[in-house]
Amino acid sequence: MIVLKSQREIDAMKKAGEILAACHKEIAKMVKPGITTWEIEEFVEQFLEKHQAVPQQKGYKGYKYATCASINDEVCHGFPRKDPLKEGDIVTIDMVVNYNGSLADSAWSYPVGKVSEETEHLLKVTKKALYKGIEAAVPGNRIGDIGHAIQTYVEAEGFSVVRDFIGHGIGAVIHEKPDVPHYGLPGKGPRIKEGMVFTIEPMVNIGAYQTKMDANGWTARTIDGKYSAQYEHTIAITKDGVMILTEQDK
Ligand code: MF3
Ligand code: CO
């Protein structure tokens, strides 16, 4: 069942999204060679506390941290850790913010210092893929149109789209219906309607789309060891069109 949200509920989620976006803007300034994802984790904890918000991932299904910090070939759900990031790495910081009971979810990939041309291209294409997906998220379209737009664009750029992890509705809990794959056929899936709130969060790989799971049971990485990037927004379908709840530029 897809739970539709009222404009009031969407406005409340937008407040959580604004805190999240502000937090990402600070992280963007912090990421450089030598910093650890553990320092970013601690920064996020403090930032959210200062804004009277709660890191919703902490404790979710036994996950222990406020952030997921996925480096290089890690596709998602990397643990924050104390190894310094190195020039040429990429790191994706993903978090869910709870503000007064309302949630927002956003992941962003960051280059560490100067990265290779191929890596730069990966970041550019993955971010653009997110916005291609958002453009397809218009009332009357179907959820499948989003994934189709993303996959078509990403594959034309010579990269692949992860299938094992997908976007999701979000509301009272982090993961609700609908499922939002970042690949697939147009015209499939539920029709996009006013009141829907969901994430679009393409994970894009330089090499093969397949992933494998680490022994920790959480962290997924690419099967070929090549880099993976991810950009995620939480969006709401309103009567005025698509509203991005986690936009960093506004
Ligand atoms: N933010 C993630 C998502 O985009 C959810 C991570 S679940 C956690 O779906 F337990 F790893 F935090
Ligand atoms: Co997320």
Side-chain angles (χ1 to χ4, degrees), residues 2-3 13-14 16-25 27-28 37-38 40-42 44-45 47-48 53-71 74-81 90-99 102-110 126-127 129-131 133-134 137 143 146-147 150 161-183 196-205 211 213-221 228-236 244-248:
I2 301 174
V3 182
M13 295 176 86
K14 180 85 170 42
E18 282 167 7
I19 296 168
L20 208 175
C23 189
H24 267 307
K25 279 169 89 165
I27 295 167
T37 50
W38 188 254
I40 296 170
E41 166 78 9
E42 289 188 323
V44 167
E45 290 251 24
F47 185 95
L48 296 187
V54 174
Q56 190 74 4
Q57 292 186 161
K58 205 169 176 171
Y60 179 73
K61 294 187 174 168
Y63 190 74
K64 288 204 187 73
Y65 311 100
T67 62
C68 297
S70 307
I71 302 167
E74 294 170 351
V75 171
C76 62
H77 307 157
F79 294 167
R81 72 208 85 155
I90 53 173
V91 61
T92 301
I93 305 295
D94 186 6
M95 73 184 95
V96 180
V97 169
N98 177 336
Y99 182 67
S102 296
L103 307 185
D105 187 358
S106 176
W108 217 251
S109 288
Y110 299 97
T126 310
K127 192 193 285 184
L130 165 60
Y131 285 94
I134 293 172
I143 291 289
I146 297 170
I150 291 171
V161 174
V162 169
R163 316 269 205 271
D164 297 336
F165 302 91
I166 60 179
H168 50 90
I170 176 168
V173 290
I174 298 180
H175 294 119
E176 288 187 357
K177 290 291 163 197
D179 289 345
V180 184
H182 307 106
Y183 60 93
M196 285 185 177
V197 180
F198 54 86
T199 72
I200 302 179
E201 49 179 304
M203 284 142 273
V204 172
N205 296 351
T211 70
M213 184 57 69
D214 275 6
N216 68 20
W218 276 102
T219 310
R221 59 180 77 231
S228 183
Q230 180 184 26
Y231 292 86
E232 170 183 27
H233 275 316
T234 299
I235 67 166
I244 302 176
L245 304 187
T246 48
E247 187 76 282
Q248 295 172 35

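Order of listing sets the numbers, starting from 1, for every ligand and every atom in it. The analysis underlying the following values was restricted to heavy atoms, covering all of them including side chains, and did not include hydrogens, waters or symmetry mates.
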Parallel, tilted or perpendicular: which describes the rings of [X] and [Y], with under 30° parallel and over 60° perpendicular?
X     : Y      : result
His24 : Tyr110 : tilted
His77 : Phe165 : perpendicular
Trp38 : Tyr65  : perpendicular

Which residue and non-hydrogen atom of the protein lie closest to [atom], and at what distance in Å?
atom                   : answer
atom 7 (S) of ligand 1 : Tyr60 CD2, 3.8 Å
atom 4 (O) of ligand 1 : Glu201 OE1, 2.8 Å
atom 2 (C) of ligand 1 : Asp94 OD2, 3.2 Å
atom 1 (N) of ligand 1 : Gln57 OE1, 2.7 Å

Looking at ligand 1, would [X] count as a contact under a 4.0 Å heavy-atom criterion?
X      : result
Asp105 : yes
Cys68  : yes
Trp218 : yes
Lys58  : no

Does ligand 1 have a heavy atom under 4.0 Å from the side chain of [X], from its backbone, from both, or from neither?
X      : result
Lys61  : neither
Met95  : neither
Thr199 : neither

So, Thr199 side chain and His168 main chain: donor-acceptor pair closer than 3.5 Å or not?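 Present.
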Okay, side chain of Lys127, backbone of Tyr231: is any donor-acceptor separation there less than 3.5 Å?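 No: the side chain of Lys127 does not pair with the backbone of Tyr231.
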Would Val97 and Phe47 count as a side chain to side chain contact (heavy atoms under 4.5 Å, CB included) here? Give the steps. CA-CA 11 Å; Val97 169; Phe47 185 95; over 6 Å; no
Are any N, O or S atoms from Asp105 nearer to the Co ion (ligand 2) than 2.8 Å?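 True for Asp105.
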Which of the numbered atoms in ligand 1 are under 4.0 angstrom from any heavy atom belonging to Val96?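 By the 4.0 Å cutoff, the relevant atoms are 1 (N).
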List ligand 1 atoms under 4.0 Å from His168, heavy atoms only on the residue side.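 Result: 3 (C), 4 (O), 9 (O).
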Beyond-backbone contact of Arg163 with Pro181, side-chain heavy atoms, under 4.5 angstrom: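 No, too far: nothing below the 4.5 Å cut-off.
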